[in-house]
Undergrad: 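The structure under discussion is supplied below as structure tokens; questions concerning it will follow.
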Amino acid sequence: MLKIYNTLSRKKETFIPIHKGKVGMYVCGMTVYSDAHIGHARTYMAFDIVRSYLEWKGYTVIYVQNITDVDDKIIAAANREKSDPLCYSQKCTDKCLTDLDRLGIQRAGIYPKASENIDNMIQMIQKILDNGYGYISDGDVYFSVESFPKYGRLSGQKMEKIQSSGRINGDEKKRKAEDFALWKKQKPGEPYWDSPWGPGRPGWHIECSTMSSKYLGLPFDIHGGGLDLVFPHHENEIAQATAATGKEFANYWMHVGLLRVDGEKMSKSLGNIVNVRDLLQKYHPETIRFFYAQTHYRTPPDFSPAAMKIAQEGLTRITRAREKLHQKACPQELKRNELTSTEKDYFDAILQCRAEFEQAMDDDFNTPRAIAAIFDFVKMTNKHLQEKHPGLYQYAYDTLTELGNILTLFREEKKIDETICEQLTKLAEKYVEVMPKKEIDALMIAILDARDKARDKKEWEKADMIRDKLENLGFEVQDTAQGTTWRMR
RNA sequence: GGGCGGGUAACCUAGAGGCAAGGUGGUGGACUGCAGAUCCACAUACGUGGGUUCAAUUCCCACUCCGCCCUCCA
């Protein structure tokens with residue numbers, strides 16, 4: 001039974017979808033005016049896993065993630081570049097989504113853009129006005145927060161406190177400081193759309209109320225985003241959608257803990273924003289994803305080279321076990337009562353891993369616990385590498401792959417560098433008597449065979465030389481009691 | 001000032017009213033020409049002070065430290 005921590009109640013609640021077998025999920029997307037950074041990736045990774053797990057549980061998931069392409073900062077950036085804001089944001093959108101693709105984060109089902117839903121927003125604003133929750137002021141339209149008694153429920157704020165804090169922006173055009181803009185009157189040099197209140201553009205919050213209800217209908221199941229969006233953005237979304245439609249908005253609110261960098265908040269002012277693209281120069285996408293998955297989605301992860309190293313090494317441990325399984329696996333009928341007793345132990349361990357994995361994920365998508373289950377499974381695998389049943393290994397391999405996929409692991413195959421084969425051939429020419437086919441496997445077998453002969457003759461220098469050269473080409477060579485094994489890093 | 005969430009070994013990360021789990025690292029052992037991998041074993045932890053309880057690290061209160069939001073933020 002899946003439980004989700006709901007920001008609304010600050011408790012874990014049993015997940016019950018509105019429509020049986022279906023889940024509607026809306027996640028606040030990027031404001032596209034620069035590159036995607038690892039904070040974005042953190043959030044979309046988290047929801048990629050949420051989506052994957054829900055699908056694994058048998059739900060059909062409709063995943064909507066908006067693109068904010070109408071915004072002050074976009075306009076400012078476009079003006080600096082002397083280009084049209086919408087063209088500029090289109091370019092950024094493509095870049096950002098491509099970066100996330102390269103990180104191996106699966107795309108949402110629908111990416112609605114603010115600029116393409118202005119009419120819908122105007123309609124919603126009109127309804128808010130019709131229902132008495134907003135007012136017009138010199139070409140601007142504002143939401144009147146005091147007219148919406150439930151305001152503050154999501155973030156635990158009390159209206160009086162918000163007002164008395166003195167921290168929110170006053171404005172002559174607003175009746176109350178806490179009111180927020182639904183529609184902003186056009187300013188010179190800015191893009192605008194016509195509306196019943198004159199030319200202008202929508203406020204930021206309205207796009208999410210509008211597009212979520214347009215694509216998912218109200219109410220819908222899950223609304224997610226970064227923890228920083230709880231107030232005021234999500235609070236405002238609820239107010240707007242409810243004021244306009246009278247319907248409930250979202251049932252479960254999920255918020256992702258914000259990524260930190262070397263123990264500090266990641267921000268423009270600190271100048272420590274790490275772009276996805278730059279990070280991909282240094283680390284394999286799978287390592288980055290594993291790093292994220294190692295921290296529960298509500299806990300702020302701390303990004304650092306040291307943390308990446310830990311992720312890298314842990315992931316390698318899993319990968320090695322999976323490769324060994326792959327080598328031994330072959331589809332074959334599997335009946336528990338036909339297994340030897342040690343094979344039964346292993347088979348039961350696989351079942352145990354599945355059960356623990358599901359239990360962990362059912363508990364508010366507890367990926368660190370799920371990963372612990374996988375590590376337990378890896379340990380059992382390494383202990384049982386002497387079994388004889390290929391079907392058992394197939395089942396183990398399939399299980400590890402299936403569960404890993406939910407955590408975004410094993411999504412890409414290793415790329416084989418074209419030049420590796422040539423370099424291996426050169427090595428073989430030097431040490432091998434009979435040249436094998438120019439394929440990596442054949443070359444490796446021949447080279448390692450030559451090395452074994454050297455080892456038999458106790459020619460350690462030669463053997464170590466070969467091993468060093470292979471290591472340099474990216475091969476991990478290990479001598480074990482069962483012979484020499486190799487793998488690509 | 002208001003709201004929210006945290007402080008678990010050397011480090012990272014889970015957890016729960018009664019054995020505190022996983023990873024990285026460390027130590028010892030098995031294996032081994034060496035290296036590596038793997039397995040086995042071991043060591044080190046619940047911020048402080050109260051309270052509730054047979055029992056708290058887990059619940060409550062205070063204190064303290066840290067972070068996030070209240071301005072754009074995933």
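Numbered from 1 within each chain, the chains take letters A, B, ... in sequence-line order. Bear in mind that the values here come from a model prediction, so they are computed numbers and not experimental data.
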Undergrad: Remember a base hit wins even if backbone is also touched, and classify A/Leu229 as base, sugar-phosphate or nothing at under 4.0 Å, heavy atoms.
TA: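 Here A/Leu229 touches the backbone only, sparing every base.
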Undergrad: Contacts to RNA chain B from residues 30-38 of chain A, heavy-atom cutoff under 4.0 Å, which residues?
TA: A/Met30, A/Thr31, A/His37
Undergrad: Reading nucleotides 29-34 of chain B 5' to 3', which nucleotides get B (base under 4.0 Å from a protein heavy atom), which S (sugar-phosphate only), which -?
TA: ----BB
Undergrad: Identify whether any heavy atom of A/Leu385 sits under 4.0 Å from a base atom; if not, whether one sits that close to sugar-phosphate; answer base, sugar-phosphate or nothing.
TA: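 The answer is nothing, as A/Leu385 stays clear of every strand by at least 4.0 Å.
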Undergrad: Nearest to the side chain of A/Met266, heavy atoms from C-beta on, is which of B/rU38, B/rA74, B/rC68?
TA: B/rA74
Undergrad: When you measure from the side chain of A/His37 to the backbone of A/His40, do you find a donor-acceptor pair of N or O atoms at a distance under 3.5 Å?
TA: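 Yes; at least one donor-acceptor contact below 3.5 Å.
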Undergrad: Output the rounded distance in Å from CG (A/Leu409) to C1' (B/rG23).
TA: 14 Å
Undergrad: Below 3.5 Å is the cut-off: list the nitrogen or oxygen pairs between protein and nucleotides 18-20 of chain B, distance only.
TA:
none

Undergrad: In plain terms, say whether A/Asp364 and A/Lys3 are close enough for a salt bridge, that is, a side-chain N and a carboxylate O under 4.0 Å apart.
TA: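 Between A/Lys3 and A/Asp364 there is no salt bridge, as every charged N stays at least 4.0 Å from the carboxylate O atoms.
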Undergrad: From the set B/rG36, B/rU38, B/rC68, return the single nucleotide nearest to any side-chain atom of A/Gln478.
TA: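 Per side-chain heavy atoms of A/Gln478, the pick is B/rG36.
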Undergrad: What's the separation between atom OH in A/Tyr5 and atom CG in A/Asn366, rounded to the nearest 0.5 Å?
TA: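 Those atoms lie 14.5 Å apart.
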Undergrad: Can a salt bridge be assigned to the pair A/Lys388 and A/Glu343 using a cut-off of 4.0 Å between side-chain N and carboxylate O?
TA: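 A salt bridge is absent here (no side-chain N lies under 4.0 Å from a carboxylate O).
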Undergrad: Check the distance between B/rA37's P and A/Glu323's CD and give it to me in whole angstrom.
TA: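 The answer, rounded to whole Å, is 14 Å.
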Undergrad: Taking any heavy-atom pair under 4.0 Å as a contact, classify A/Lys324: base, sugar-phosphate, or nothing.
TA: sugar-phosphate
Undergrad: Base, sugar-phosphate, or nothing: which does A/Gly224 touch, judged by heavy atoms less than 4.0 Å apart?
TA: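 Result for A/Gly224 = nothing.
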Undergrad: Within a strict 4.5 Å, meaning less than it, do heavy atoms of the A/Arg369 and A/Asp363 side chains meet?
TA: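 In short, these two side chains touch, coming nearer than 4.5 Å.
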Undergrad: In terms of side-chain geometry, is the basic nitrogen of A/Glu190 or A/Arg201 positioned less than 4.0 Å from the acidic oxygen of its partner?
TA: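 Counted as a salt bridge, because a side-chain N and a carboxylate O are separated by less than 4.0 Å.
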Undergrad: Is it true that A/His326 and A/Glu323 share a donor-acceptor pair across their side chains at a distance under 3.5 Å?
TA: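 Side chains of A/Glu323 and A/His326: no pair found under 3.5 Å.
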Undergrad: Distances for protein N/O vs nucleotides 3-6 of chain B N/O pairs under 3.5 angstrom?
TA:
unit_1	atom_1	unit_2	atom_2	d
B/rG3	O3'	A/Gly156	O	3.4
B/rG3	O2'	A/Ser155	O	2.6
B/rC4	O3'	A/Arg10	NH1	3.4
B/rC4	O2'	A/Arg10	NH1	3.2

Undergrad: So what does A/Asp72 hit on the nucleic acid, given a heavy-atom distance under 4.0 Å: a base, only sugar-phosphate, or nothing?
TA: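 Nothing: the residue A/Asp72, judged by heavy atoms under 4.0 Å, touches no strand.
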Undergrad: Would A/Phe220 and A/Phe249 count as a ring pair (Phe, Tyr, Trp, His ring centres under 6.0 Å) here? Give the steps.
TA: CA-CA 7 Å; A/Phe220 57 93; A/Phe249 188 48; 5.2 Å; yes
Undergrad: Would you verify whether the NZ or CZ of A/Arg451 falls within 45 degrees of the ring axis of A/Tyr431 while also being under 6.0 Å from that six-membered ring's centre?
TA: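 Because its charged atom misses either the 6.0 Å distance or the 45° angle limit, A/Arg451 does not stack over A/Tyr431.
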Undergrad: Any ion pair linking A/Asp179 and A/Lys176 (charged N to carboxylate O, less than 4.0 Å)?
TA: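 Not counted as a salt bridge, because no side-chain N and carboxylate O are separated by less than 4.0 Å.
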Undergrad: Counting just side-chain N and O atoms, does A/Arg317 come under 4.0 Å of either OP1 or OP2 of B/rU38?
TA: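 For B/rU38, OP1 or OP2 has a side-chain N or O of A/Arg317 closer than 4.0 Å.
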Undergrad: Tell me whether A/Asp140 is salt-bridged to A/Lys174, with the criterion being a basic N under 4.0 Å from an acidic carboxylate O.
TA: no
Undergrad: How is the base pairing of RNA chain B summarised as a dot-bracket string, given the Watson-Crick and G-U wobble criteria with both distances under 3.5 Å, [ ] for crossing and | for another strand?
TA: (((((((..(((.....[...))).(((((.......)))))....(((((..]....))))))))))))....
Undergrad: Could you tell me whether A/Val27 contacts a base, only the sugar-phosphate backbone, or nothing, with contacts defined as non-hydrogen atoms closer than 4.0 Å?
TA: nothing
Undergrad: Let's see if you can work this out: which of B/rC68, B/rU38, B/rA74 has an atom nearest to the side-chain heavy atoms of A/Arg260?
TA: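 Nucleotide nearest to A/Arg260's side chain: B/rC68.
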Undergrad: Output a table of nitrogen or oxygen pairs between the protein and nucleotides 7-13 of chain B separated by less than 3.5 Å.
TA:
unit_1	atom_1	unit_2	atom_2	d
B/rU13	O2'	A/Gln294	O	3.2

Undergrad: Given the ring of A/Tyr393, does A/Lys328 sit roughly above its face, with NZ or CZ under 6.0 Å from the centre of the six-membered ring and within 45° of the axis?
TA: yes
Undergrad: The side chain of A/Asn366 lies closest to which of these nucleotides: B/rG15, B/rA74, B/rC40?
TA: B/rG15
Undergrad: Write down the distance separating the P atoms in B/rU57 and B/rG22, rounded off to the nearest Å.
TA: 22 Å
Undergrad: With a 4.0 Å cut-off on heavy atoms, is A/Lys309 in touch with a base, just the backbone sugar-phosphate, or nothing at all?
TA: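 Touches nothing.
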Undergrad: Should A/Lys379 be listed as having a side-chain N or O under 4.0 Å from OP1 or OP2 of B/rG22?
TA: no
Undergrad: Describe, in one word, how the ring planes of A/Phe377 and A/Tyr346 are oriented to each other, choosing from parallel (under 30°), tilted (30 to 60°) and perpendicular (over 60°).
TA: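 A/Phe377 vs A/Tyr346 ring planes: parallel.
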Undergrad: Output the single nucleotide from B/rA14, B/rU38, B/rA74 whose closest atom is nearest the side chain of A/Tyr44.
TA: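 Within the option list, the nearest is B/rA74.
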